[in-house]
**Student:** 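The following block contains the structure, expressed as structure tokens.
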Protein chains: 2
Amino acid sequence: MSAAENQQLKQVLREHELKATTQRIALLKLLDATHEHFDAEEIYLELLKKQKNVSRATVYRSLEALAEQDLVTRLDFGDGRMRFERSKGEDEHHDHLICEECGKVIEFFNLEMEAQQLSVCEENDFTPSTHTMHIFGTCSDCKQTP
Amino acid sequence: MSAAENQQLKQVLREHELKATTQRIALLKLLDATHEHFDAEEIYLELLKKQKNVSRATVYRSLEALAEQDLVTRLDFGDGRMRFERSKGEDEHHDHLICEECGKVIEFFNLEMEAQQLSVCEENDFTPSTHTMHIFGTCSDCKQTP
DNA sequence: GCGTAAATGAGATTCATTCTTATTTTTAAA
DNA sequence: TTTAAAAATAAGAATGAATCTCATTTACGC
Ligand SMILES: [Mn+2]
Ligand SMILES: [Mn+2]
Ligand SMILES: [Zn+2]
Ligand SMILES: [Zn+2]
């Protein structure tokens with residue numbers, strides 16, 4: 001099903017000089033369908049559940065290749081496992097609030113903060129490539145029930 | 001030597017309800033003496049070099065206990081190992097620029113950025129506890145020699 | 001369709017961190 | 001100062017995320 005989406009993802013992969021394997025297509029399709037921040041094991045299990053044959057090693061290798069091409073973004077929430085999300089356009093960059101109680105992740109974007117980052121880099125003659133701006137704490141849901 | 005410093009660190013540990021073991025004192029003394037961002041193994045090796053008897057497990061456990069009490073700060077530079085630095089006062093909080101070429105770490109503090117973080121938290125009814133603001137890229141030294 | 005380079009599967013391996021248990025140390029009280 | 005209980009430590013085993021190995025399969029330009 002969704003042969004059109006498959007074709008489109010095949011196209012995307014080739015534009016980034018990546019071979020369009022069924023595993024990579026399935027992985028991209030999975031991440032495209034959600035805003036969740038999966039780790040590699042979760043992605044592996046989801047693909048199995050969807051009857052896709054894939055190995056753990058391929059999940060890791062695919063995520064590496066896709067991240068290299070900025071098709072997915074690696075997220076490090078500091079709990080020992082990397083998370084991944086589908087990269088949206090440059091204009092859709094966002095950072096994260098992470099609830100330490102329930103694990104909920106709230107996405108946000110703050111233009112002034114991004115501007116301050118560039119300003120700090122200039123002051124230090126530093127050429128930025130990526131950044132992590134993660135704020136840990138307690139979300140509104142968890143605040144009420146201590 | 002520096003019996004005074006030892007006494008002072010003993011005091012600090014007890015104020016935080018931690019037993020003042022020779023290992024914890026040595027670890028704090030080590031981190032007090034530098035601005036470097038050591039990982040656990042480096043700390044372990046440094047302590048061995050200084051003739052302190054300590055085991056890897058104790059380094060990890062001590063760092064956990066000290067971080068719990070905010071006497072040290074855990075840093076995650078995303079390369080698979082945690083780094084640690086001595087926590088300074090609340091007023092001496094800083095974030096990091098990390099050179100992906102040479103590993104150099106530049107510390108910075110930007111008040112406006114911190115203010116924006118609080119503003120984002122308020123907007124989302126989120127109570128912050130800590131944050132990571134790490135900017136990865138290329139330092140001035142590495143820019144020149146590609 | 002063919003050939004070749006690249007990707008995959010399955011499991012072994014690595015390496016940071018955590019866990020286990022016997023032993024030692026800290027600390028408060030006698 | 002000696003003593004006892006609780007806590008911390010040493011040494012190495014265990015864990016788990018991520019990477020690597022190599023035989024097999026697949027993608028894709030011709
Ligand atoms: Mn996100
Ligand atoms: Mn620092
Ligand atoms: Zn929550
Ligand atoms: Zn550099």
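What's counted below: heavy atoms across the whole structure, side chains too, no hydrogens, waters or symmetry copies. In what follows, chains are A, B, ... by sequence order, proteins preceding strands, each numbered from 1.
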**Student:** Take the protein atom CG of Asp79(B) and the nucleotide atom P of dT19(D), then report the distance between them rounded to whole Å.
**Tutor:**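 To the nearest whole Å, that distance equals 12 Å.
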**Student:** Whole-Å distance between dC28(D) C1' and Arg14(A) CZ?
**Tutor:** 7 Å
**Student:** Who clusters with Leu111(A)? Use side-chain heavy atoms, under 4.5 angstrom, across I, L, V, M, F, W and Y, and order the result by chain and number.
**Tutor:**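 Hydrophobic cluster check, Leu111(A): joined to Phe109(A).
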**Student:** Less than 4.5 Å apart, any side-chain heavy atom of Leu31(A) and any of Val72(A)?
**Tutor:** yes
**Student:** Under 4.0 Å, heavy atoms only, any strand: does Glu41(A) hit a base, just the sugar-phosphate, or nothing?
**Tutor:** nothing
**Student:** For the side chain of Ala40(A), counting heavy atoms from C-beta on, which of dA27(D), dA8(D), dA18(D) is nearest?
**Tutor:** dA18(D)
**Student:** Nearest whole Å is fine: how far is dG16(D) C1' from Tyr44(A) OH?
**Tutor:** 15 Å
**Student:** Atom CG in Leu28(B), atom CG in Asn6(B): separation rounded to 0.5 Å?
**Tutor:**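 That separation rounds to 10.5 Å.
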**Student:** Could you tell me if the side chain of Pro128(B) sits less than 4.5 Å from the side chain of Gln117(B), heavy atoms only?
**Tutor:** no
**Student:** Return whichever of Ala57(B) or Leu18(B) has its heavy-atom-nearest nucleotide of DNA chain C closer to the 5' end.
**Tutor:**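 The residue mapped nearer the 5' terminus is Ala57(B).
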**Student:** Taking C-beta and beyond as the side chain, do Asn53(A) and Leu48(A) meet within less than 4.5 Å on heavy atoms?
**Tutor:** no
**Student:** Check the distance between dA17(D)'s C1' and Arg83(A)'s CZ and give it to me in whole angstrom.
**Tutor:** 12 Å
**Student:** With DNA chain D as reference, determine whether Gly80(A) or Arg61(A) sits nearer its 5' end, using the nearest nucleotide of each.
**Tutor:** Gly80(A)
**Student:** Report yes if a side-chain nitrogen or oxygen of Thr58(B) is closer than 4.0 Å to either non-bridging phosphate oxygen (OP1 or OP2) of dA8(D); otherwise report no.
**Tutor:** no
**Student:** Would you indicate what Asp39(B) reaches in the nucleic acid, counting non-hydrogen atoms under 4.0 angstrom: base, sugar-phosphate, or nothing?
**Tutor:** nothing
**Student:** Which distance, rounded to the nearest 0.5 Å, do you find between the CG of Asp39(A) and the CG of Leu75(A)?
**Tutor:** 11.5 Å
**Student:** Do the side-chain N or O atoms of Arg56(B) get closer than 4.0 angstrom to the phosphate oxygens (OP1, OP2) of dA11(D)?
**Tutor:** no
**Student:** OP1 or OP2 of dT26(D) sitting under 4.0 Å from any side-chain N/O of Gln23(A)?
**Tutor:**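 Checking Gln23(A) against dT26(D): no side-chain N or O falls below 4.0 Å of OP1 or OP2.
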**Student:** Base, sugar-phosphate, or nothing: which does Ala65(A) touch, judged by heavy atoms less than 4.0 Å apart?
**Tutor:**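 Result for Ala65(A) = nothing.
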**Student:** If you only use heavy atoms from C-beta on, which nucleotide in dT9(D), dC28(D), dA8(D) is closest to the side chain of Lys19(A)?
**Tutor:** dC28(D)
**Student:** Please list, in 5' to 3' order, the outermost nucleotides of DNA chain C lying under 4.0 Å from any heavy atom of chain A.
**Tutor:**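 Endpoints of the contacted stretch of DNA chain C: dA6(C) to dG11(C).
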**Student:** In whole angstrom, give the distance that lies between atom CD of Glu68(A) and atom P of dT19(D).
**Tutor:**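 The distance from CD of Glu68(A) to P of dT19(D) comes to 12 Å, rounded to the nearest Å.
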**Student:** Return the 5'-most residue of the pair Glu64(B), Ala20(B) with respect to DNA chain C, ranking by each residue's nearest nucleotide.
**Tutor:**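 That would be Glu64(B).
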**Student:** Do Arg83(A) and Asp76(A) come close enough that some side-chain heavy atom pair is under 4.5 Å?
**Tutor:**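 No, too far: nothing below the 4.5 Å cut-off.
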**Student:** Report yes if a side-chain nitrogen or oxygen of Thr21(B) is closer than 4.0 Å to either non-bridging phosphate oxygen (OP1 or OP2) of dA7(D); otherwise report no.
**Tutor:**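 For Thr21(B), the contact criterion (side-chain N or O under 4.0 Å from OP1 or OP2 of dA7(D)) is not met.
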**Student:** Regarding Glu46(B) and Lys49(B), does a basic nitrogen lie under 4.0 Å from an acidic carboxylate oxygen?
**Tutor:**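 Salt bridge between Glu46(B) and Lys49(B), a charged N being under 4.0 Å from a carboxylate O: yes.
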**Student:** At less than 4.0 Å, is any side-chain N or O atom of Tyr60(A) found next to OP1 or OP2 of dT19(D)? Yes or no.
**Tutor:**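 Result: no.
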